[in-house]
Amino acid sequence: MTLHHRRWLKWVGIALVALLALAVLALAAFPVAPFRARAERILSERFERPVTIGALERTPAFSFTPTIRIRDIRIPQPAWAGSGDLARIASVDVQIRALGLITGRIDPKSVTATGVRLDLIRTDKGRTNWDREDAKRDGGSGDPLRLDGLSVRDATVRYRDAKQDRHFTVAVTSDVNGFVARGQGAVRGAAVRISMSGAPIMAGGQPWPFRARIDGPALSMTARGRMSAPLDTQHMTLAVTAQASSLKLIDAVIEAGLFGTQPVRLTADVRHAGPKWQVENMRGRIGRSDFTGRLGVDKTGGRTVLDGDIHATGLDFDDLADDAGRARAAALERAVGPRIVPNTRVDIGKITSTDGRIAFRIDRILSREPSALTSASGVLVLERQLLTIEPLRIGLTRGTIGGKVVVDQRGGRADPVVTLALDLKNSRIGALSGGGAVSGALDGRVRLTGVGETIRSAVGRADGHIGIVARDGALPAKMAAMLGFDAGRALTADDDARAGLRCAVVRLEVSGGRGRFDPLIVDTSASQTRGSGGVSFPAETIAAKLTGAPKHDSILRVPGSVLVSGTLSKPQVVVPKETKSVGNILKGLGRAITGKQGPTAANADCAALSRRAIGR
């Protein structure tokens with residue numbers, strides 16, 4: 001390299017250093033007033049409404065960490081929210097690192113705000129006045145704001161939420177003594193006081209301990225924890241306690257899609273990391289029901305994915321309804337009478353963005369009325385409005401009910417398609433009937449698919465079949481004689497005498513909620529009864545005609561039939577006039593005298609009938 005070239009490179013280097021120095025000096029002394037109009041334009045585009053700034057200035061005139069003072073900021077409400085302002089701020093002082101502007105990033109060191117008035121609104125459809133219409137909600141956020149200090153004086157936040165029926169007005173201060181927010185409001189009509197406190201916001205990215213509380217006669221919640229940085233709600237751990245008159249009040253705060261219940265108390269350890277929540281060591285009591293569990297929530301990609309396990313040592317299903325729900329259920333039962341098929345609501349049309357898997361186990365089912373149900377377990381899997389409960393197992397005092405339930409509301413259906421595939425195994429007649437004079441093994445099968453917002457309404461429109469088989473039991477000899485229409489033996493049999501129950505088989509072929517018996521047969525050691533007709537759902541009304549015959553010579557056989565009406569819960573037996581008429585009885589006496597009482601019944605093929613009804 002020649003001397004000339006070396007001198008040329010030297011002067012180029014000196015020029016570059018000089019230009020860099022001038023650029024740094026320019027950053028240290030750059031004026032901000034000319035940027036006011038641009039700042040208004042950027043904010044107006046962000047909020048999609050005209051934002052105004054009264055003044056924009058810096059102090060001191062020369063500094064690498066200047067303070068930008070913004071005065072008289074006004075952000076109007078969107079047109080749909082009515083008149084007034086979303087935000088009015090008297091002044092905001094932002095101390096920045098000027099060298100950060102080289103990379104195009106405004107890097108604030110501290111913020112001081114005075115005279116802040118915020119009016120936040122969410123509609124019943126979930127529309128908010130602080131977000132753009134096209135804002136993407138991913139459940140996470142970018143890097144948290146790392147500040148060396150936050151000072152807030154004379155700040156009031158008003159929040160109105162029609163979707164969750166809650167509203168608060170909170171005063172906020174932040175200084176060297178700490179961060180404090182206090183106010184009051186209501187959650188679904190229940191008055192509450194709101195408070196939150198934390199350490200002074202003076203330590204950049206240092207962990208920040210805090211405490212938050214909602215307190216009222218019907219709802220009380222406390223959270224104590226630590227954020228990874230001040231006000232970094234996206235990264236925190238906390239211990240939560242809650243007590244409320246209903247789980248629905250707690251849901252109005254946490255927005256997890258919960259339902260009304262009896263009074264609830266619970267505690268849990270919670271960790272939040274970006275779009276993911278993890279709830280551990282959950283313990284609670286609803287009414288007289290106790291439970292423990294864990295729950296993971298992942299809000300990545302605009303959907304909520306749940307993963308959890310719930311264990312109840314004792315559960316009363318009545319606790320899973322609030323007083324209003326109980327009153328509605330009682331009014332419905334008074335109006336339509338008791339029903340066997342539950343009226344459990346299964347409409348999941350509003351659960352449009354939630355998937356997940358929840359395993360549950362109930363050690364003991366509690367009931368104020370006698371019940372054959374003792375326990376339950378299963379796994380719920382929800383994927384884009386397809387809910388499957390499989391395997392489902394319900395324990396009985398004798399035997400189990402197992403299988404799966406599917407609720408399919410994909411494709412924007414108004415009502416879901418409900419599929420029931422359940423099997424009753426190894427039970428006993430007495431276990432389900434609460435005792436009684438009839439005994440025997442009991443098995444069953446349900447295969448139904450129907451459309452409805454409740455299980456009862458879906459069965460009322462269902463297609464499929466229901467099968468029940470009782471076998472290898474016993475019944476009073478009087479009853480067996482009556483089933484064979486042998487009036488003489490029914491009147492003369494000893495009260496303690498017993499007959500064998502070979503099998504009782506019922507198969508309902510269901511179409512559009514109307515079930516047809518195919519077959520209905522009761523086969524005893526002394527008689528046999530066959531039936532025709534069926535059962536109509538959801539009213540569960542019975543319309544059946546029974547005829548019978550003895551298996552041996554009868555004393556007095558009455559010709560004719562009996563009718564069964566009423567409901568499955570309250571069946572009624574009606575003897576037609578012609579069957580109980582004097583003429584029919586005389587006809588039976590005449591046949592008894594002549595010995596011509598008609599053919600007797602043979603033993604039914606119980607194994608074949610069982611296979612037809614329940615497949616085994």
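The chain is numbered in sequence order, starting from 1.
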Counting C-beta onward and ignoring hydrogens, is there a side-chain heavy-atom pair between Leu424 and Leu396 closer than 4.5 Å? yes
What pair of heavy atoms forms the shortest contact from Ala601 to Lys551, and how long is it? O-CG, 3.4 Å
Would you check if Ser375 and Ile362 make a side-chain contact, meaning some heavy-atom pair closer than 4.5 Å? no
With sequence neighbours left out, what residues match Thr567 under side-chain contact (heavy atoms from CB on, under 4.5 Å)? Arg339, Thr541, Ser569, Lys570
In short, disulfide (SG to SG under 2.5 Å) pairs touching residues 494-537 with sequence neighbours left out are Cys503-Cys606
Any donor-acceptor pair under 3.5 Å linking the side chain of Arg303 with the backbone of Thr352? yes
Show me the pairs that pass side-chain hydrogen bond (donor to acceptor under 3.5 Å, both in side chains) and involve residues 418-430, at least two apart or across chains. Thr419-Thr449, Asp423-Arg447
Basic-acidic side-chain contact under 4.0 Å: Asp309, Arg361: no
Verify, without hydrogens or angle tests, whether Ser220 (side chain) and Gln243 (backbone) share a donor-acceptor contact under 3.5 angstrom. no
Gly411 backbone acceptor or donor facing Gln385 side chain under 3.5 Å: no
Under 6.0 Å from the CZ atom of Arg288, do we count more than 12 heavy atoms belonging to anything else shown? yes
Would a distance-only check, ignoring hydrogens and angles, find a side-chain to backbone donor-acceptor pair under 3.5 Å from Glu540 to Val535? no
When you compare the side chain of Leu392 with that of Phe360, does any pair of heavy atoms fall below 4.5 Å? yes
Output yes when a side-chain donor or acceptor of Ser439 lies under 3.5 Å from a complementary backbone atom of Ala474, and no otherwise. yes
Decide side chain to side chain contact (heavy atoms under 4.5 Å, CB included) for Thr300 and Val305; before the verdict, give the C-alpha distance in whole Å, the side-chain angles of both, and the deciding distance to 0.1 Å. CA-CA 8 Å; Thr300 303; Val305 179; over 6 Å; no
Is any side-chain heavy atom of Leu315 less than 4.5 Å from a side-chain heavy atom of Ile365? no
With rounding to the nearest 0.5 angstrom, report the CD1 to CG distance, Ile348 to Leu387. 5.0 Å
Pairwise distance CZ(Arg294) to CD1(Ile358) - rounded to 0.5 angstrom: 8.0 Å
Just so I know, are the side chains of His465 and Val510 near enough to count as touching, which here means a heavy-atom distance under 4.5 Å? no
Rounded distance [0.5 Å steps], CD1 in Ile310 versus CG in Leu295: 6.5 Å
Are any side-chain N or O atoms of Ser457 and backbone N or O atoms of Thr454, one a donor and one an acceptor, separated by less than 3.5 Å? yes
So Thr304 and Trp277, side chain to side chain contact (heavy atoms under 4.5 Å, CB included) or not? Walk me through it. CA-CA 10 Å; Thr304 299; Trp277 292 82; over 6 Å; no
Taking Glu280's backbone N and O only, do any of them form a donor-acceptor pair with Asp269's side chain (distance below 3.5 Å, no angle check)? no
Closest non-hydrogen contact found for Ser245 with Leu249 is OG-CD1, 3.3 Å
When you measure from the side chain of Arg461 to the backbone of Val451, do you find a donor-acceptor pair of N or O atoms at a distance under 3.5 Å? yes
Can you tell if the side chain of Gln164 reaches within under 4.5 Å of the side chain of Val253, non-hydrogen atoms only? no
Verify, without hydrogens or angle tests, whether Arg445 (side chain) and Gly615 (backbone) share a donor-acceptor contact under 3.5 angstrom. no
Residue pair Gln409 / Asp415, side-chain donor-acceptor N/O under 3.5 Å: no
Minimal non-hydrogen separation, Asp523 against Ala602, with atom names: OD1-O, 3.9 Å
Report, as yes or no, whether the 6.0 Å neighbourhood of atom CZ on Arg413 holds more than 12 heavy atoms from other residues, nucleotides or ligands. yes
Ser536 vs Arg514, side chain to side chain donor-acceptor pair (under 3.5 Å): CA-CA, chis, key distance, verdict: CA-CA 4 Å; Ser536 294; Arg514 294 182 176 273; 3.3 Å; yes
Does Leu420 reach the side chain of Ile455, with side-chain heavy atoms less than 4.5 Å apart? yes
For Asp298 and Lys276, work out which heavy atoms get closest and say how close. OD2-CE, 3.2 Å
Distance in Å, Asp316 CG paired with Gln262 CD, rounded so as to fall on 0.5 Å steps: 9.0 Å
Glu509 side chain to Asp518 backbone, donor-acceptor under 3.5 Å: no
In plain terms, say whether Arg285 and Asp290 are close enough for a salt bridge, that is, a side-chain N and a carboxylate O under 4.0 Å apart. yes
Is the closest side-chain heavy-atom distance between Val279 and Val240 below 4.5 Å? no
Check the pair Asp355, Arg384 against side chain to side chain contact (heavy atoms under 4.5 Å, CB included), reporting the backbone distance first and the verdict last. CA-CA 6 Å; Asp355 303 319; Arg384 298 186 182 274; 4.0 Å; yes
How about Asp319 and Ser289: does a side-chain donor come under 3.5 Å of a side-chain acceptor? yes
To the nearest 0.5 Å, what is the distance between CG (Leu475) and OG (Ser527)? 7.0 Å
Go through the steps to decide whether Asp322 and Thr261 satisfy the test side chain to side chain contact (heavy atoms under 4.5 Å, CB included), and finish with yes or no. CA-CA 4 Å; Asp322 55 20; Thr261 67; 5.9 Å; no
About how many Å separate CG of Leu520 and CG of Leu609, when rounded to the nearest 0.5 Å? 11.0 Å
